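Since the model is a prediction, treat every value here as computed from it, not as a measurement. Letters A, B, ... are given to chains in the order of the sequence lines, protein chains preceding strands, and every chain is numbered from 1.
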Amino acid sequence: MKVFKLMFKNALRHKLRTFLTILGISIAVVAFGFLRTVVTAWYAGVEMSAANRLVTRNSISFIFPLPYAYRDRIARIPGVETVSYANWFGGVYIDKSQFFPRMAVDAETIFEVYPEFIVPPDQLEAFKKERNACVMGADLAQQYGFKIGDVIPIEGDIYPGKWEFVVRAIYQPRDKTVDGTQFYFHWEYVDERMKQEMPGREGDVGWYIIKINDPNQSATISEQVDNLFKNSRAETKTETERAFQEGFIQGTSLIITLLNFISFVIIGIILLVLGNTMIMSARERTKEYAVLKTIGFSGKHLLGLIAGESLVISALGGALGLLLTYPLVGVFSIAVPKSWFPVFYVEPTTLVMAGLSALVVGIVASLFPVQRALRTSIVDGLRFVG
Amino acid sequence: MASMIEVQGVSKSYWRDSFEIPVLNNITLAVPEGEFLALMGPSGSGKTTLLNLIAGIDRPNKGSIVVSGTNIASLGESQLAKWRSTHVGFIFQFYNLLPVLTAFENVELPLLLTSLSKKERREHVEAALTVVGLTDRMHHYPKQLSGGQEQRVAIARAIATDPTILVADEPTGDLDKNSAEEILTLLGRLNKEYKKTIVMVTHDPRAAERAHTSRHLDKGELQ
C-alpha cells in the first residue's frame with residue numbers, strides 16, 4: 001500500500017459527499033468553460049485579425065463613406081501590397097431575424113487580402129465573372145442549405161430595392177478560428193445600380209482593407225494614408241485590423257467585463273464547495289491524523305494526504321466538467337444561429353484555465369484543513385471527539 | 001540492567017484559558033530494558049501524560065527524558081516524528097485503526113515510513129499478524145473485526161517496525177474480560193519472548209498484575 005492509496009480511500013470515504021462535491025465542481029467548471037467560450041467568441045473578430053492588414057475608414061464615423069478614388073492613391077504608398085474595399089450592405093433575407101453579414105466587396109482583391117477564406121479556383125473564377133454572383137462561407141451555406149447556383153433574394157434597406165445574388169462560390173474557413181458566415185458580392189454590381197437608381201451614391205466605399213508588406217510598418221503607413229487625405233472632404237482614420245475590430249466590441253466591454261467577473265465568481269464557488277468538504281473531512285479525521293503523527297508521519301505527509309485528497313476531488317470534478325463543456329458548447333453552437341457567434345469553440349486556453357483553476361482551487365481548499373491538522377497537537381488530536 | 005527509559009525531574013502543566021493546570025510534578029523514573037511496567041492511578045493523576053511524554057508525543061515543561069540513550073526532549077518536531085517511527089510502538093485504548101484500511105494495510109502503515117521494499121513490508125506485516133494470531137483476518141476491515149481482534153491488529157501495527165519500546169494506554173479498557181485476557185497475554189509474550197520494554201497505563205489491578213512492576217501516580221506525583 002502506498003500513501004496515495006490512503007489518499008484515494010480517504011477521498012472516497014463518504015461516497016455521496018464526494019460525488020456531490022465532484023458534481024458541484026464539474027457544474028462550476030462547465031459554467032466557467034462556457035462563459036469563457038462566449039467571451040472568446042466575442043473577441044473572435046479581434047483574434048482573427050491579421051497583423052499585415054490595415055483598415056481605413058471615414059474619420060468621422062464608420063457609417064460615412066469614402067470616395068472610390070482613394071483606392072489608387074492608397075495603392076501608391078510604398079509598402080502597400082494590395083488595396084481592397086467593402087461596403088456594409090445590410091438588407092433582409094426572409095425576415096430580420098435571419099441575420100448574417102452581407103457585404104459588397106471588390107471581387108478581384110477581396111480573397112487576396114483575406115487568404116484565410118479558401119475558395120476553390122474554379123468557383124472563384126465563376127464568382128469574378130458574373131456581376132450578381134455571390135460567395136458565402138461554408139457555415140452559412142450549411143445553416144441555410146445554400147448550394148452553388150441558388151439564387152438568394154435580399155430586400156435592400158441601406159441600398160433599397162430587390163436584389164438577387166447567385167451563389168457561385170463557397171469558401172472554407174482555413175481553420176476553426178475563422179468566420180465561415182460571410183456573404184460577399186460584387187461592389188460594382190451595387191455601385192452600378194446606385195448610379196442608375198440613386199445618383200449621388202455611386203462611388204461610395206465603406207472602408208478600405210490594406211494589405212501591407214511589413215507589419216512593422218503599420219503605424220507609418222497608417223499615418224501616410226491619413227496624411228494623404230488630410231483637409232479633404234472625407235478625412236480618413238487608418239488603424240490595424242485588430243484596433244478596428246476592437247472598436248466594434250468596445251461598446252459591449254461592460255458585458256464582457258461582467259462575463260469575466262461571473263466566470264471568476266464561479267471559481268470562488270468551486271473553492272467554497274471543495275473547501276467546505278475538505279474542512280468537514282479533515283475535522284472528522286482529527287483523531288486519525290493524530291494517530292498518524294504518533295506513528296511517525298510528519299507534517300509533510302499530512303500535507304500530502306490532505307492536499308492530495310483535495311486535488312483528487314478537484315481534478316475529478318475539473319475533468320468531468322471539461323468533458324461536459326464540449327457537448328454543451330456543441331449543443332449551443334447548433335441551437336444558436338451561426339451568424340450570432342461565427343466562431344464558437346472551446347479554446348485550448350479555456351481548457352487550461354479551467355483545468356488550472358480546478359487544481360489551484362484544490363490546493364487552496366486544503367490550506368485551512370492542513371493548517372488545522374498541523375497545528376493540532378497529537379495529545380489534543382487523540383482527545384478529539386468529533 | 002541498563003535503563004531503557006530515564007525520566008529525570010519532569011514536570012508538566014497545561015494551560016486552559018488563563019489557568020495553569022499542573023499535571024506532573026518533578027517525576028523521576030527509570031525503566032530497565034526488558035521491563036514491563038504498569039502505571040496506575042486515579043483519573044487525572046497524570047499517568048497518560050507521563051506515557052505521552054515517554055512516547056515523545058508531548059513535551060515536558062521541565063526535566064529530561066532519555067529513551068534508549070536519546071534525550072527526546074531536545075529533538076525537533078520532525079526529528080521526534082522520525083524517532084517515534086523507529087523507537088515507539090503505541091497501543092491505544094480505542095485501537096485507533098484507520099477504518100478505510102484493511103488489517104494488513106493498518107499494520108503496514110508505519111512501515112511506509114521505512115525504506116523497506118514492498119516484499120519486505122509484506123513479510124514484516126505477515127510476521128506481526130502471525131505474532132498476534134490474525135493472519136486469517138489480514139484482509140478484513142476494522143468494522144469486520146471484534147474489539148479484541150481490532151486491538152490485536154493495533155498491537156501488530158505497534159510491533160511491525162520492531163520498536164525499542166511499547167507504550168500502551170489502557171489497552172484493555174474497552175474490552176470484555178476474555179478479550180482483555182488475550183491482550184494481556186499477548187503483551188506478556190511480547191515482553192517475555194520478544195524482549196520488548198513495555199510501559200502500560202491501566203486502571204485495572206488485574207492488568208497491572210501481569211506487569212513486572214507497578215508504579216502509582218497521584219496528583220502528578222509518583223508514589
Side-chain angles (χ1 to χ4, degrees), chain A residues 1-19 277-278 280-306 308-310 312-313 370-386, chain B residues 12 14 16 23 48-49 51-53 55-59 76-114 118 121-122 125 138-139 141-142 154 157-158 160-161 163 167 169-170:
Chain A
M1 187 196 67
K2 293 280 177 194
V3 177
F4 284 118
K5 192 172 174 185
L6 178 58
M7 200 173 76
F8 278 100
K9 285 195 167 193
N10 276 339
L12 297 173
R13 193 180 289 203
H14 292 279
K15 289 187 176 64
L16 180 63
R17 185 164 76 195
T18 304
F19 170 74
T277 298
M278 288 313 299
M280 281 198 291
S281 300
R283 186 180 159 77
E284 286 164 4
R285 290 178 211 148
T286 302
K287 202 170 197 171
E288 290 176 23
Y289 295 143
V291 171
L292 289 174
K293 284 200 258 185
T294 303
I295 289 171
F297 280 74
S298 65
K300 280 181 195 165
H301 289 112
L302 293 190
L303 171 74
L305 270 178
I306 300 170
E309 182 181 342
S310 183
V312 164
I313 294 173
V370 165
Q371 188 212 29
R372 190 172 180 276
L374 296 183
R375 276 189 158 188
T376 305
S377 71
I378 297 177
V379 172
D380 288 339
L382 290 173
R383 281 199 200 118
F384 181 81
V385 180
Chain B
K12 176 73 183 175
Y14 290 110
R16 289 285 178 263
V23 183
T48 294
T49 301
L51 191 77
N52 290 342
L53 293 173
I57 62 174
D58 204 356
R59 290 175 181 278
E77 277 306 316
S78 57
Q79 289 172 308
L80 198 55
K82 198 168 183 185
W83 177 83
R84 281 196 304 270
S85 70
T86 51
H87 288 86
V88 185
F90 211 107
I91 301 158
F92 304 93
Q93 179 180 357
F94 297 107
Y95 336 126
N96 286 339
L97 300 176
L98 268 59
V100 289
L101 302 181
T102 62
F104 182 96
E105 290 165 341
N106 265 290
V107 178
E108 193 187 14
L109 261 183
L111 298 171
L112 296 177
L113 303 171
T114 66
K118 190 177 177 181
R121 289 203 305 268
R122 168 167 282 278
V125 172
M138 66 167 74
H139 299 303
Y141 286 91
R157 180 178 67 187
T161 54
V167 294
D169 189 3
E170 302 274 10

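Of the possible polar contacts, none joining the Asp169(B) side chain to the Thr48(B) backbone as a donor-acceptor pair under 3.5 Å is found.
Of the residues considered (Pro99(B), Gly56(B), Ala55(B)), Pro99(B) shows the highest number of contacts with chain A, using heavy-atom pairs under 4.5 Å. Of the residues considered (Leu111(B), Thr102(B), Leu80(B), Leu98(B)), Leu98(B) shows the highest number of contacts with chain A, using heavy-atom pairs under 4.5 Å.
Under 4.0 Å is where a charged nitrogen must lie from a carboxylate oxygen, and between Arg157(B) and Glu105(B) no such pair does. Looking at Glu284(A) and Arg17(A), a side-chain N of the basic residue comes within less than 4.0 Å of a carboxylate O on the acidic one, giving a salt bridge.
Using a 4.5 Å cut-off between heavy atoms, Asn96(B) contacts chain A through both its backbone and its side chain. Only the side chain of Leu382(A) comes within less than 4.5 Å of a heavy atom in chain B; its backbone stays farther off. Contacts between Ile57(B) and chain A at a heavy-atom distance below 4.5 Å involve backbone atoms as well as side-chain atoms.
Partners of Arg84(B) under the salt bridge (Lys or Arg N to Asp or Glu O under 4.0 Å) rule, at least two apart in sequence or in another chain, do not exist in this structure. Applying the salt bridge (Lys or Arg N to Asp or Glu O under 4.0 Å) rule to Arg122(B) yields the partners Glu126(B); only residues at least two apart in sequence or on another chain are considered.
Remark: Asn10(A) CG to Glu309(A) CD distance equals 5.0 Å, nearest 0.5 Å.
In this structure, Tyr141(B) places its OH atom where more than 12 heavy-atom neighbours from other residues, nucleotides or ligands lie under 6.0 Å away.
Residues of residues 86-95 of chain B having a heavy atom under 4.5 Å from any heavy atom of chain A, listed by number: Phe90(B), Phe92(B).
Identified under the side chain to side chain donor-acceptor pair (under 3.5 Å) test for residues 287-296 of chain A, with sequence neighbours left out: Arg13(A)-Glu288(A).
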